[in-house]
Amino acid sequence: QVQLVESGGGLVQAGGSLRLSCAASGHTFSSYAMGWFRQAPGKERDRIAAINWNGGSTDYAVSVKGRFTISRDNAKNTVYLQMNSLKPEDTAVYYCAAYLRFNYGFFKPNYWGQGTQVTVSS
């Protein structure tokens with residue numbers, strides 16, 4: 001069993017930045033890939049960033065590429081999402097997720113966090 005707890009969400013003006021954190025427990029963090037997803041009202045939950053077990057491989061959705069950066073600190077069992085140049089369309093609930101495998105690929109995550117709200121005002 002893996003427990004994931006997100007933090008760092010909030011309200012920010014367009015053009016601003018936020019950093020989300022996700023603390024993991026209950027399994028060997030360094031042995032699995034992680035992802036960040038988001039879900040806006042009335043829309044599906046989509047993956048926006050993913051990182052493999054050692055941080056050597058990352059993947060981004062087109063909508064956030066160049067603005068968001070995913071990273072991980074295996075010593076702290078934490079994955080981060082640095083979000084810069086935020087836009088109103090980035091407003092959503094952001095979820096951290098864990099894949100019980102080294103690489104994220106096109107698989108569905110095995111565990112989810114509870115989500116954290118990010119609101120970008122214009």
Side-chain angles (χ1 to χ4, degrees):
Q1 191 78 5
V2 175
Q3 293 80 43
L4 303 171
V5 179
E6 301 101 333
S7 60
L11 174 64
V12 63
Q13 287 190 330
S17 297
L18 280 175
R19 188 176 81 153
L20 304 183
S21 300
C22 172
S25 61
H27 203 272
T28 306
F29 180 74
S30 59
S31 65
Y32 51 88
M34 298 292 295
W36 284 98
F37 291 69
R38 70 184 182 188
Q39 187 169 21
K43 295 190 176 181
E44 293 187 352
R45 187 178 300 187
D46 294 323
R47 193 177 81 187
I48 55 170
I51 189 166
N52 75 336
W53 66 282
N54 66 354
S57 176
T58 58
D59 182 66
Y60 297 93
V62 171
S63 58
V64 305
K65 201 165 188 176
R67 299 188 297 124
F68 291 11
T69 302
I70 188 171
S71 62
R72 66 188 296 157
D73 185 339
N74 285 349
K76 295 182 178 179
N77 289 357
T78 302
V79 63
Y80 304 97
L81 185 68
Q82 178 66 44
M83 305 186 293
N84 298 329
S85 302
L86 283 161
K87 305 175 182 179
E89 50 264 43
D90 293 318
T91 295
V93 178
Y94 284 69
Y95 297 90
C96 170
Y99 301 82
L100 290 189
R101 53 182 67 245
F102 287 116
N103 295 296
Y104 42 87
F106 296 101
F107 304 100
K108 290 185 178 180
N110 299 93
Y111 294 97
W112 295 91
Q114 81 287 352
T116 185
Q117 177 71 44
V118 172
T119 302
V120 184
S121 63
S122 56

Distance (rounded to the nearest 0.5 Å) between Ser122 OG and Gln13 CD: 9.5 Å
Flag yes if Tyr60 and Tyr99 sit in one hydrophobic cluster, no otherwise; membership is Ile, Leu, Val, Met, Phe, Trp, Tyr, and two members link when side-chain heavy atoms are under 4.5 Å apart. no
Got a second to check how far Thr69's OG1 is from Met83's CE, nearest 0.5 Å? 11.0 Å
Can you list every salt bridge (charged side-chain N to carboxylate O under 4.0 Å, His left out) pair that touches residues 98-122, not counting sequence neighbours? none
Residue pair Tyr94 / Ile48, side-chain heavy-atom distance below 4.5 Å: yes
Qualifying residues under side-chain hydrogen bond (donor to acceptor under 3.5 Å, both in side chains), relative to Ser71, sequence neighbours excluded: none
Minimum side-chain heavy-atom gap Thr91-Gln117 below 4.5 Å: yes
Might you work through the side chain to side chain contact (heavy atoms under 4.5 Å, CB included) test for Tyr95 and Leu20, ending with a clear yes or no? CA-CA 10 Å; Tyr95 297 90; Leu20 304 183; over 6 Å; no
Kindly work out whether a path of hydrophobic side-chain contacts (I/L/V/M/F/W/Y, heavy atoms less than 4.5 Å apart) joins Tyr111 to Leu81. yes
What pairs meet the salt bridge (charged side-chain N to carboxylate O under 4.0 Å, His left out) rule with one or both residues in residues 110-122, with sequence neighbours excluded? none
All salt bridge (Lys or Arg N to Asp or Glu O under 4.0 Å) counterparts of Arg72, not counting sequence neighbours: none
Side chain of Tyr104, backbone of Ala49: donor and acceptor closer than 3.5 Å? no
Looking at every non-hydrogen atom in both residues, tell me the closest pair between Ala40 and Ala92 and how far apart they are. N-CB, 3.9 Å
Through direct or indirect side-chain contacts below 4.5 angstrom among Ile, Leu, Val, Met, Phe, Trp and Tyr, which residues connect to Val62? none
Tell me if a side-chain donor or acceptor on Asn54 pairs with a main-chain N or O of Gly56 at a distance below 3.5 Å. yes
Once salt bridge (charged side-chain N to carboxylate O under 4.0 Å, His left out) is applied, what residue pairs with a partner in residues 33-55 remain, sequence neighbours excluded? Arg38-Asp90, Arg47-Asp59
Should side-chain heavy atoms under 4.5 Å link Ile, Leu, Val, Met, Phe, Trp and Tyr, which residues sit in the same cluster as Tyr80? none
Minimum heavy-atom distance between Ser85 and Ser17, given as atom pair plus value: N-OG, 4.3 Å
Using the rule that two of Ile, Leu, Val, Met, Phe, Trp, Tyr join whenever any of their side-chain heavy atoms come within less than 4.5 Å, decide whether Leu4 and Leu100 are in one cluster. yes
Which heavy atom in Val118 sits nearest to a heavy atom in Gly9, and how many Å separate them? CG2-CA, 4.1 Å
List the atom of Gly35, the atom of Ile70, and the distance in Å for their closest heavy-atom pair. CA-CD1, 4.5 Å
Set of ring pair (Phe, Tyr, Trp, His ring centres under 6.0 Å) partners for Phe102, sequence neighbours left out: Trp53
Which atom of Met34 lies closest to which atom of Val79, heavy atoms considered: CE-CG1, 3.8 Å
For residues 6-19, the salt bridge (charged side-chain N to carboxylate O under 4.0 Å, His left out) pairs (sequence neighbours left out) are none
What one should report as the nearest heavy-atom pair of Ala23 and Thr78 is CA-OG1, 4.2 Å
May I have all residue pairs that pass disulfide bond (SG atoms under 2.5 Å apart) and include part of residues 45-80, sequence neighbours excluded? none
ring-ring contact (aromatic ring centres under 6.0 Å, His included) pairs touching residues 9-41, sequence neighbours excluded, are His27-Tyr32, Phe29-Tyr32, Phe37-Trp112
What pairs meet the disulfide bond (SG atoms under 2.5 Å apart) rule with one or both residues in residues 26-113, with sequence neighbours excluded? Cys22-Cys96
